[in-house]
Q: 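The structure follows.
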Amino acid sequence: MRQVATASNISGLDGAGTRAVEAWFLGPKGENADVLESLIVEAIRDQVFWRRNFHPGDPTHITEEIKRSPEYIEALDALVTGHRSLLAFLKKSVPFFSMRYQGHMNWDLTLPGVVGYFTAMLYNPNNVAFEGSTATTLLEILVGDDLCRMLGYTIPDTGDLAAGALRPWGHITCDGSVANIEAIWAARNLKLLPVALQAALREEASIALGRDLTVPVPQGGTAKLVELDTWSLLNLPEDTVLALFGRLTREFQIPRDTLTEVLARFSLQNLGMIEFSRRFLGDVPGPPVFLVPGTRHYSFPKAAAVLGIGASNMIDVPVDLDARMDLTAVRRILEDCLTRRRPVYAVVAVIGSTEESAIDPLKELLALRDEYRSRGLDFHVHADAAWGGYHASCIREDFAMPEPLTRGFAASPPPAMPLSRYATEQLRALEGADSITVDPHKSGYIPYPAGALCYRNSAMRDLVTFSAPVVFHGDAEPTVGIYGLEGSKPGAAAAAVYLSHRVIRPTRSGYGKIIGQALFSCKRLYVRLLCMAKEGDPFVVVPVSRLPAEANGGNVVEQLQFLRERIDRATSAELEKDPEAMALLRELGPDENILAYAFNFRTATGELNRDLALANQLNKAIYERLSIDPGSDIYGYDLIVSTTDLSGPGYGRGFIENYKARLGVGGSPGDNITVLRSVTMDPWVTETKEGSFIDVLEVEFRKVVCAALEELIPTRGRGY
């Protein structure tokens, strides 16, 4: 979109950005308050300057006389009083900025994100249509391309486009839920489009020339689209389907407007699922399905409901022992669909689950799709990288730029921890996914609402549009709001992402640096949890993520001893001088920076509790002490975490039974495990000038666990 930037006198997002993490946030104690204040004041003054210079000769309304009136003074008094009351009430908000907050996927916001949002908010742009957002629509186009690049999609130049290269495309949504629903919507429409087109070609004389249109078939060669059976139509490759309209125009001179008008009478969008199925899918033995892992977000059953697919046609795939989608189970389900000739809309891979931060094996899933495509079963691959998408910045090459000055800091920042080999491999595979959800308001540290959806092939966006003539006047305008579920949406969100990306590039030295340092802290916390329980302690803590030795059949006792001696109490500087420790640390813990873990207790005899219900009760009691009660004074909270339940029906028996055994409650009835969750997003939690903050977190954990045990254990007759 370089032409857009040039024509509109805005800077594109191809600069070097900056590298000082400490300059990118307001800070846990508001250390950069003067910077934020000056930029906000400048934004207000610039807004006023803009207003005064738009037809400066026009009359004003708010005169000095009005300002002296009793009504005006009373109104301002009400505003000031109400504002102060609001300021006081907002002190009950969650302290996301604090190193003591380890709860949900929230943390401090980037300064450029806040300033970009505030500045654009004063203009109140609505990115539903270009005429309501003549500046921020262009910013959204730039941001969409930048997100595509970060995720691995290549933006082709003019020459490559002329040679037939695919053009990716991305846009801002209000959140990842809407992006996920849109992705499944597009996949559903794509799957059924060839069926509608075949019917239109057969029945409509105005496009009869297109009856000679051919498409490639899995067994080799080509066949006429109008002669294919329904199963073949439902399994044409995505890019083949998306090219059909253009081919009908180029090869058979059928005007695009004619195609659009005719197809509307046959399309799913117009007919609805019941009528479409009655007319065209009578020989399909069962309704199409889509596959999601047991760790999937709740937006997918919502998608199944609102799209008329039905939640019963969303198949939960069990996860493996590391909470990643089990490809053996995927293969089994796909084989059954192929045998029964049941179409598959899509298979979803989660790139960073919201409970365990597990990354599904996307690379292997794409290879599996290629295999089944050759056998006549095709499907859309969607990557839900709402949480994990920005982690791709950790593997994007830096722009050439001098090394930053690091002297003068009270405490050295932690080193940026590279992603594990497995995580790196899967994030590199994002370029093969057909669509990707990514949330700038999660790991992009951008104000809400700022989700996004990116398509590998930009033609996918045309499958989810209803052009409204009131707000859209044709291709002459660079409108993006006609695509997707939303109508009105704040242009301020696009401005926030734009400015943040301009200052903090989504590469190794920008967002990769923030996330890498947070990942380092997360891995240090993981090690501390593993090593926390000492001999004689009345509890144990077991992270969901297995040790490499557990996963690879190594010596777990020796690996734990190595962690205690070489990693747990070492400083960052000491670790950086220990290549063996750093190599192991890289492969430890979750795929990304969310930790799930559970406590269990020891009985008076020193044996581990073997009752899952009691372990769940303990973890719920811990959570109650480490979560904020509605309306309470947040100053009394010393540590804040979140909780979730790992459920057997979604995760699968293998995962649940393995984790129960590791927790010490194997064999106990029940398949619902309550775990705690810590999201580590701040890039400097590990060490301060006073020492390691992880030591502080351990103290708080111990205090709360002991208090929960004091309350629970005596009621069970197991006092110490």
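Atoms considered below: every heavy atom in the structure, side chains included; atoms not considered: hydrogens, waters and symmetry mates. Predicted, not measured: the structure shown is a model, and the values here were computed from it.
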Q: Do F520 and L585 make a side-chain contact, defined as non-hydrogen atoms from C-beta onward lying under 4.5 Å apart?
A: yes
Q: Is there a donor-acceptor pair closer than 3.5 Å between any side-chain N or O of R662 and the backbone N or O of P543?
A: yes
Q: Using distance alone, with no hydrogens and no angle criterion, decide if T674 and N619 have a side-chain donor and acceptor under 3.5 Å apart.
A: no
Q: Looking at R524 and D568, is any side-chain nitrogen of the basic one under 4.0 Å from a carboxylate oxygen of the acidic one?
A: no
Q: Please evaluate residues V641 and F701 with respect to the criterion side-chain contact (heavy atoms from CB on, under 4.5 Å), reporting the C-alpha separation (whole Å), side-chain torsions for both, the decisive distance (0.1 Å), and the verdict.
A: CA-CA 10 Å; V641 302; F701 271 124; 4.3 Å; yes
Q: Roughly how far, to the nearest 0.5 Å, is OG of S545 from CG of L529?
A: 10.5 Å
Q: Please check this pair: side chain of D645 against backbone of S647, looking for a donor-acceptor N/O pair closer than 3.5 Å.
A: no
Q: Any side-chain donor-acceptor pair under 3.5 Å between E700 and Y637?
A: no
Q: Please give me the minimum heavy-atom distance between T173 and D175, naming the atom from each residue.
A: OG1-O, 2.8 Å
Q: With a 3.5 Å distance limit and no angle check, can you tell me whether N600 reaches the backbone of L663 through a side-chain donor-acceptor pair?
A: yes
Q: Going by heavy atoms in the side chains, are D146 and R502 under 4.5 Å from each other?
A: no
Q: Counting distance only, does the side-chain N/O of D434 pair as donor-acceptor with the main-chain N or O of H380 below 3.5 Å?
A: no
Q: Would you say the side-chain atoms of T507 and S393 include a donor-acceptor pair closer than 3.5 Å?
A: no
Q: For the backbone of L676 and the side chain of T643, can you confirm whether one donor and one acceptor N or O come within less than 3.5 Å of each other?
A: no
Q: Apply the test salt bridge (Lys or Arg N to Asp or Glu O under 4.0 Å) to residues K620 and E624: give CA-CA distance (whole Å), side-chain angles for both, the deciding distance (0.1 Å), then the verdict.
A: CA-CA 6 Å; K620 289 175 182 176; E624 288 174 0; over 6 Å; no
Q: For a side-chain contact (heavy atoms from CB on, under 4.5 Å) check, start with the C-alpha distance between V94 and I634, then their side-chain angles and the critical distance, and finish with the verdict.
A: CA-CA 7 Å; V94 181; I634 61 98; over 6 Å; no
Q: So, H441 versus F96, ring centres under 6.0 angstrom or not?
A: no
Q: Side-chain contact test, heavy atoms from C-beta onward, threshold under 4.5 Å: evaluate it for L595 versus E356 and give yes or no.
A: no
Q: Any side-chain donor-acceptor pair under 3.5 Å between R677 and S642?
A: yes
Q: State the CG-CZ distance between L530 and R528, to the nearest 0.5 angstrom.
A: 11.5 Å
Q: Side chains of L646 and V675: closer than 4.5 Å at any heavy-atom pair?
A: yes
Q: Write down the atom of V497, the atom of P440, and the distance for their closest heavy-atom approach.
A: CG2-CB, 3.9 Å
Q: Which heavy atom of S443 sits nearest to which heavy atom of I515, and what is that distance?
A: O-CD1, 4.0 Å
Q: Please confirm whether the backbone N or O of E565 pairs with a side-chain atom of R569, one donor and one acceptor, at under 3.5 Å?
A: no
Q: Could you pull out the closest heavy-atom pair between Y153 and E431, with the gap in Å?
A: CE2-O, 3.5 Å
Q: Quick one: do the W387 and S357 side chains pair a donor with an acceptor below 3.5 Å?
A: yes
Q: Using 0.5 Å steps for rounding, measure from the CG atom of L427 to the OH atom of Y422.
A: 9.5 Å
Q: For F25 and Y445, I'd like to know if the aromatic rings sit close, meaning centre-to-centre distance below 6.0 Å.
A: yes
Q: Mind checking whether V114 and L26 have side chains closer than 4.5 Å, heavy atoms only?
A: no
Q: Go through the steps for L697 and L639 under the test side-chain contact (heavy atoms from CB on, under 4.5 Å), then give the verdict.
A: CA-CA 7 Å; L697 299 181; L639 177 63; 3.6 Å; yes
Q: Measure the spacing between CZ of F539 and CD1 of I622 and express it to the nearest 0.5 Å.
A: 9.0 Å
Q: Does the side chain of V350 reach to within under 4.5 Å of the side chain of M325, using non-hydrogen atoms?
A: no
Q: Is there a donor-acceptor contact under 3.5 Å linking the side chains of Y448 and N106?
A: yes
Q: Side chains of L453 and H171: does their closest heavy-atom pair fall under 4.5 Å?
A: yes
Q: Using a distance-only test with no angle check, is there a side-chain donor-acceptor pair under 3.5 angstrom linking Y597 and S678?
A: yes
Q: Quick one: do the S500 and Y511 side chains pair a donor with an acceptor below 3.5 Å?
A: yes
Q: Check whether any side-chain N or O of Q426 sits under 3.5 Å from a backbone N or O of L362 as a donor-acceptor pair, and report yes or no.
A: yes
Q: Given the side-chain rings of W107 and W684, with only the six-membered ring counted for Trp, is the space between their centroids under 6.0 Å?
A: yes
Q: Dump the intermediate steps for side-chain contact (heavy atoms from CB on, under 4.5 Å) on V438 and M150, then the final yes or no.
A: CA-CA 10 Å; V438 59; M150 178 185 75; 4.2 Å; yes
Q: Could you check R296 against D384 for salt bridge (Lys or Arg N to Asp or Glu O under 4.0 Å), going step by step and ending with a plain yes or no?
A: CA-CA 9 Å; R296 49 86 178 150; D384 179 10; over 6 Å; no
Q: Short question: side chain of R100, backbone of D638 - any donor-acceptor pair under 3.5 Å?
A: yes
Q: Answer yes or no: is there a side-chain heavy-atom contact under 4.5 Å between D360 and L365?
A: no
Q: Closer than 4.0 angstrom, basic N to acidic O: yes or no for K534 and D537?
A: no
Q: Between E574 (side chain) and T571 (backbone), is there a donor-acceptor pair under 3.5 Å?
A: yes
Q: Nearest 0.5 Å please: distance from the NZ atom of K363 over to the CZ atom of R428.
A: 10.5 Å
Q: Might you point out which heavy atoms bring T110 and G444 nearest each other, and give the distance in Å?
A: CG2-O, 4.0 Å
Q: Answer with yes or no whether the side chains of Q559 and E550 bring together a donor and an acceptor at under 3.5 Å.
A: no
Q: With rounding to the nearest 0.5 Å, note down the distance linking CD in E182 to NE2 in H382.
A: 9.5 Å
Q: I'd like to know if the side chain of E22 and the backbone of A20 have a donor-acceptor N/O pair within less than 3.5 Å.
A: no
Q: Compile the donor-acceptor pairs under 3.5 Å between side chains in residues 586-594 and protein atoms, sequence neighbours left out, one pair per line.
A:
unit_1, atom_1, unit_2, atom_2, d
R586, NE, L419, O, 2.6
R586, NH2, L419, O, 3.1
E587, OE2, R421, N, 3.4
E587, OE2, R421, NH1, 3.4
D591, OD1, R324, NH2, 2.7
D591, OD2, R324, NE, 3.1
D591, OD2, I359, N, 2.7
N593, OD1, H391, NE2, 2.6
N593, ND2, T680, O, 2.6

Q: Looking only at heavy atoms, what is the nearest atom pair of A570 and L575, with distance?
A: CB-CG, 4.0 Å
Q: Do we see a donor-acceptor contact under 3.5 Å between the side chains of T437 and N180?
A: yes
